[in-house]
Amino acid sequence: MYNTNSIKEILNYTEEKTGLTVYGWIRTKRESKTFSFIELNDGSTIQNLQIIINDTVPGYSDTISTLTTGASVEVVGNLVASQGGKQKFEIQAQSVKVLGVASPDEYPLQKKKHTLEYLREIGHLRPRTNTIAAVLRVRNAACFAIHTFFQERGFNYIQTPVITASDCEGAGQMFQVTTLELEKIPFIKDSNGKTTNEIDYSKDFFGKKAGLTVSGQLEGEIMATALGKIYTFGPTFRAEHSNTTRHLAEFWMIEPEMAFCDIFGNMDLAEKFVKSIVSYVMKECKDDLDFFTQYISPDLMSNLAVVIENKFERITYTDAVDILLKSGVKFEYPVQWGIDLQSEHEKYITEVVYKKPVIVTGYPKEIKAFYMKLNDDGKTVRAMDILVPRLGEIIGGSEREDNYEKLCARIKECGLNEEDYWWYLELRKFGSVPHAGFGLGFERLIQFITGMQNIRDVIAFPRAFKTAEF
RNA sequence: UCCUCUGUAGCUCAGCCGGUAGAGCGGGUGACUGUUAAUCACUAGGUCGGGGGUUCGAGCCCCUCCGGAGGAGCCA
């Protein structure tokens, strides 16, 4: 058995065709006295294929009661012009075989709308819904577009480690990876041979404390300073107890890193990148995006059009603070130069002031990571965040500090330990180059493209605080 | 982790001043010669999230635990 006629292909046929075998899951059935219609979906497209089954089909009376929502079937028949108005073609069935029944008493998906919250409770079946299947097709298309974008520009796809022993990436709370038995943790003994409460990680699998990566950036810099242009695309883990519509404990991140590139080249690439992915998905997943526009987010298409048709606004952090101060709006978190921009501030700038994506650069060094290149003013760093309406920050990046002494100074200033960064520092000691890169949260991009509100609905198997059932 | 809301039929919800429950959808049965959110008629579904308390009496009030959602922080 091999399904040679996906419903997507069949619906693209321009003329009638005999002797087709189609497979799929029944979405709905409409029964009349001497015939029934079933809507068949096989996941290849959001569209269903209508099958008409006359009661002259062998075994009709026995089969028809098992043709219920969720059942899987094999249908043999002819593709004929449909008499109904909502589809060009339909299958006139010659035989229908149920491959797997789905008892209507027990099958959790009914032929009615379900809430996304309910679908999260049945994670094993929710990909069989229009919404989640559409999300997954968009994800697939976006993945392809991402690789294409970088490959066409000479970037090397590299793989950074999932397990990392550098506890110093500083981007968030890490999940610890250990083979130590929690009941028998080895503690370090002091000079008198007395047990302290300091854990002896030399006994652990890697001989040191290890965790799941929170970012591949530092390793990405190693590769960029050898291969020139690289990108990573892999899973990332954050152990924060975040409980929001924009955070996951396990998510996918794309991190390009470019040698011989400054903050401006970085911004140009990031803007082209976002536009390119959005355009590709708009072209390849039109049906799915139409669905999202109709049922999830009415102004989705116009929002996406704004992204690809307009130049992203570029402002400095200082500009942003001025705009917020002059707005006269009373924010919950008062604005003042030096503070980190809060969600409400980002939303005001993208949704009220510019109504399109905005790139903010030149943040105060105090609120950004140690590795970002210091500007000549000594106060701000060459960071860039891309903010989009509704979601806020979708990309965070920077030109990296490539001067050995300045980087050492920043590490100290941030209260970090120089020895922990010995290999990172050596990249600045040997053939240092200006370089820059950014990180883009893949699920946030998918949220933006689909209009889905909750990040848990744009990934097949969401991992979040207290959530790992499926 | 904090704040707010929420938990009643398979799903989505209503349930007044405290007097032991309703609707829509879905399901089942029947009708219907082209349906497509099919339509029409009939019908079966309930330990009101768990535990404790107040009361003659609790879906409703109080305490507590658990689950879900939204917002905040952290960030991508």
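Every chain is numbered from 1, with letters handed out A, B, ... down the list of sequences.
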Peer 1: Can you check the distance between B:rU6 and B:rG73, where both ends of the measurement are the P atom (answer in whole Å)?
Peer 2: 24 Å
Peer 1: Report, one pair per line, the protein and nucleotides 46-50 of chain B atoms (nitrogen or oxygen only) whose separation is under 3.5 Å.
Peer 2:
none

Peer 1: Just how far, in rounded Å, is P of B:rA76 from CD of A:Glu346?
Peer 2: 11 Å
Peer 1: With heavy-atom distances below 4.5 Å as the criterion, would you say the side chains of A:Thr245 and A:Ile455 are in contact?
Peer 2: no
Peer 1: Salt bridge check: are A:Asp268 and A:Lys272 linked by an N-O gap of less than 4.0 Å?
Peer 2: no
Peer 1: Using atom C1' in both nucleotides, what's the gap between B:rC74 and B:rU55 to the nearest angstrom?
Peer 2: 47 Å
Peer 1: Does the gap between the ring centers of A:Tyr231 and A:His147 come in under 6.0 Å?
Peer 2: yes
Peer 1: Does any part of the side chain of A:Val360, heavy atoms only, come nearer than 4.5 Å to the side chain of A:Thr316, both counted from C-beta?
Peer 2: no
Peer 1: Indicate yes or no: does A:Glu344 engage A:Lys347 in a salt bridge with an N to O separation below 4.0 Å.
Peer 2: no
Peer 1: Mind checking A:Tyr118 for me? I need base, sugar-phosphate or nothing, with any heavy atom below 4.0 Å counting as a touch.
Peer 2: sugar-phosphate
Peer 1: Among B:rC74, B:rA69, B:rA76, which is the nearest nucleotide to the side chain of A:Glu240?
Peer 2: B:rC74
Peer 1: Counting Watson-Crick and G-U wobble pairs whose two distances are both under 3.5 Å, find the runs of 3 or more in a row that involve RNA chain B.
Peer 2: B:1-7 with B:66-72, B:10-13 with B:22-25, B:27-31 with B:39-43, B:49-53 with B:61-65
Peer 1: Using the rule given for side chain to side chain contact (heavy atoms under 4.5 Å, CB included), can you reason through A:Glu90 versus A:Val80, listing the C-alpha separation, both sets of side-chain angles and the distance that settles it, and then say yes or no?
Peer 2: CA-CA 6 Å; A:Glu90 65 195 10; A:Val80 298; 4.0 Å; yes
Peer 1: From NE2 of A:His114 over to C1' of B:rU12, roughly how many Å is that when rounded to an integer?
Peer 2: 10 Å
Peer 1: Which residue, A:Thr467 or A:Glu443, contacts RNA chain B at a nucleotide closer to its 5' end, judged by nearest heavy atom?
Peer 2: A:Thr467
Peer 1: Mind calculating the distance between CD1 (A:Ile455) and P (B:rG71) to the nearest angstrom?
Peer 2: 12 Å
Peer 1: When we call it a touch if two heavy atoms are under 4.0 Å apart, what does A:Arg120 touch: a base, just sugar-phosphate, or nothing?
Peer 2: sugar-phosphate
Peer 1: Taking syn as a glycosidic torsion within 90° of 0 and anything else as anti, which one is B:rG45?
Peer 2: syn
Peer 1: What is the distance, rounded to the nearest whole Å, between atom CE of A:Met174 and atom C1' of B:rA76?
Peer 2: 16 Å
Peer 1: So, under a plain 3.5 Å distance rule, would you say the side chain of A:His247 forms a donor-acceptor pair with the base of B:rC75?
Peer 2: yes
Peer 1: With rounding to the closest Å, how many angstrom separate the P atoms on B:rG51 and B:rA14?
Peer 2: 24 Å
Peer 1: What is the distance, to the nearest angstrom, from the NZ atom on A:Lys113 to the C1' atom on B:rG24?
Peer 2: 14 Å
Peer 1: Could you tell me whether B:rC17 is syn or anti, where syn means a glycosidic angle within 90 degrees of zero?
Peer 2: syn
Peer 1: Using the C1' atom in both, what is the distance from B:rG46 to B:rG15, to the nearest Å?
Peer 2: 14 Å
Peer 1: A:Ile395 near the nucleic acid: base, sugar-phosphate alone, or nothing, with a heavy-atom cut-off under 4.0 Å?
Peer 2: sugar-phosphate
Peer 1: Taking atom P in both B:rA76 and B:rU1, compute the distance separating them and give it to the nearest angstrom.
Peer 2: 22 Å
Peer 1: May I have the step-by-step check of salt bridge (Lys or Arg N to Asp or Glu O under 4.0 Å) for A:Arg139 and A:Glu443, ending in yes or no?
Peer 2: CA-CA 8 Å; A:Arg139 270 183 83 100; A:Glu443 281 74 20; 3.0 Å; yes
Peer 1: For B:rU29 versus B:rC17, give the span between their C1' atoms, rounded off to a whole number of Å.
Peer 2: 43 Å
Peer 1: Determine the Euclidean distance between corresponding C1' atoms of B:rG67 and B:rG49; express it in Å to zero decimal places.
Peer 2: 7 Å
Peer 1: Suppose we screen for side chain to side chain contact (heavy atoms under 4.5 Å, CB included). Which residues come up paired with A:Ser279, at least two apart in sequence or across chains?
Peer 2: A:Ile308
Peer 1: So, using side chain to side chain donor-acceptor pair (under 3.5 Å) as the criterion, who are the partners of A:Arg463 when residues are at least two apart?
Peer 2: none
Peer 1: Side-chain contact, heavy-atom cut-off 4.5 Å: A:Phe155 with A:Glu257?
Peer 2: no
Peer 1: Give the B/S/- string for nucleotides 26-35 of chain B, one per nucleotide from 5' to 3', where a protein heavy atom under 4.0 Å of the base yields B, of only the sugar-phosphate yields S, and otherwise -.
Peer 2: SSS---BSBB
Peer 1: Salt bridge or not between A:Lys368 and A:Asp340? Use side-chain N to carboxylate O under 4.0 Å.
Peer 2: no
Peer 1: Considering every strand and a 4.0 Å limit on heavy-atom distances, what is the contact class for A:Tyr333: base, sugar-phosphate, or nothing?
Peer 2: sugar-phosphate
Peer 1: Please enumerate all protein N or O atoms sitting under 3.5 Å from an N or O of nucleotides 1-5 of chain B, with distances to 0.1 Å.
Peer 2:
residue	atom	partner	partner atom	Å
B:rU1	OP1	A:His241	ND1	2.9
B:rU1	O4	A:His241	O	2.9

Peer 1: Evaluate salt bridge (Lys or Arg N to Asp or Glu O under 4.0 Å) for A:Asp299 paired with A:Arg390, printing each intermediate quantity in order.
Peer 2: CA-CA 12 Å; A:Asp299 41 8; A:Arg390 190 166 68 83; over 6 Å; no
Peer 1: Could you tell me how far B:rU20 sits from B:rG27 if I compare only their C1' atoms? Round to whole Å.
Peer 2: 27 Å
Peer 1: Would A:Arg382 and A:Glu401 satisfy salt bridge (Lys or Arg N to Asp or Glu O under 4.0 Å), going step by step from the backbone distance to the final call?
Peer 2: CA-CA 9 Å; A:Arg382 298 194 144 198; A:Glu401 184 56 73; over 6 Å; no
Peer 1: Rounded to whole Å, please give me the gap between CD in A:Glu117 and P in B:rG70.
Peer 2: 6 Å
Peer 1: Less than 6.0 Å separating the ring centroids of A:Phe150 and A:Phe273?
Peer 2: yes
Peer 1: Hey, mind stepping through A:Phe442 and A:Ile146 against side chain to side chain contact (heavy atoms under 4.5 Å, CB included) and telling me if it holds?
Peer 2: CA-CA 10 Å; A:Phe442 184 56; A:Ile146 287 163; 3.6 Å; yes
Peer 1: Round to the nearest Å and state the distance from A:Ile367 atom CD1 to B:rC74 atom C1'.
Peer 2: 13 Å
Peer 1: So does A:Thr244 get a side-chain nitrogen or oxygen closer than 4.0 Å to the phosphate oxygens (OP1/OP2) of B:rC74?
Peer 2: no
Peer 1: Taking the six-membered ring for Trp, is the centroid-to-centroid distance between A:His345 and A:Phe331 below 6.0 Å?
Peer 2: yes
Peer 1: Tell me whether the ring of A:Phe251 lies stacked over the B:rA76 base, given a 5.5 Å limit on centroids and a 30° limit on the plane angle.
Peer 2: yes
Peer 1: Could you state the CE-P distance from A:Met452 to B:rA69, rounded to the nearest angstrom?
Peer 2: 13 Å
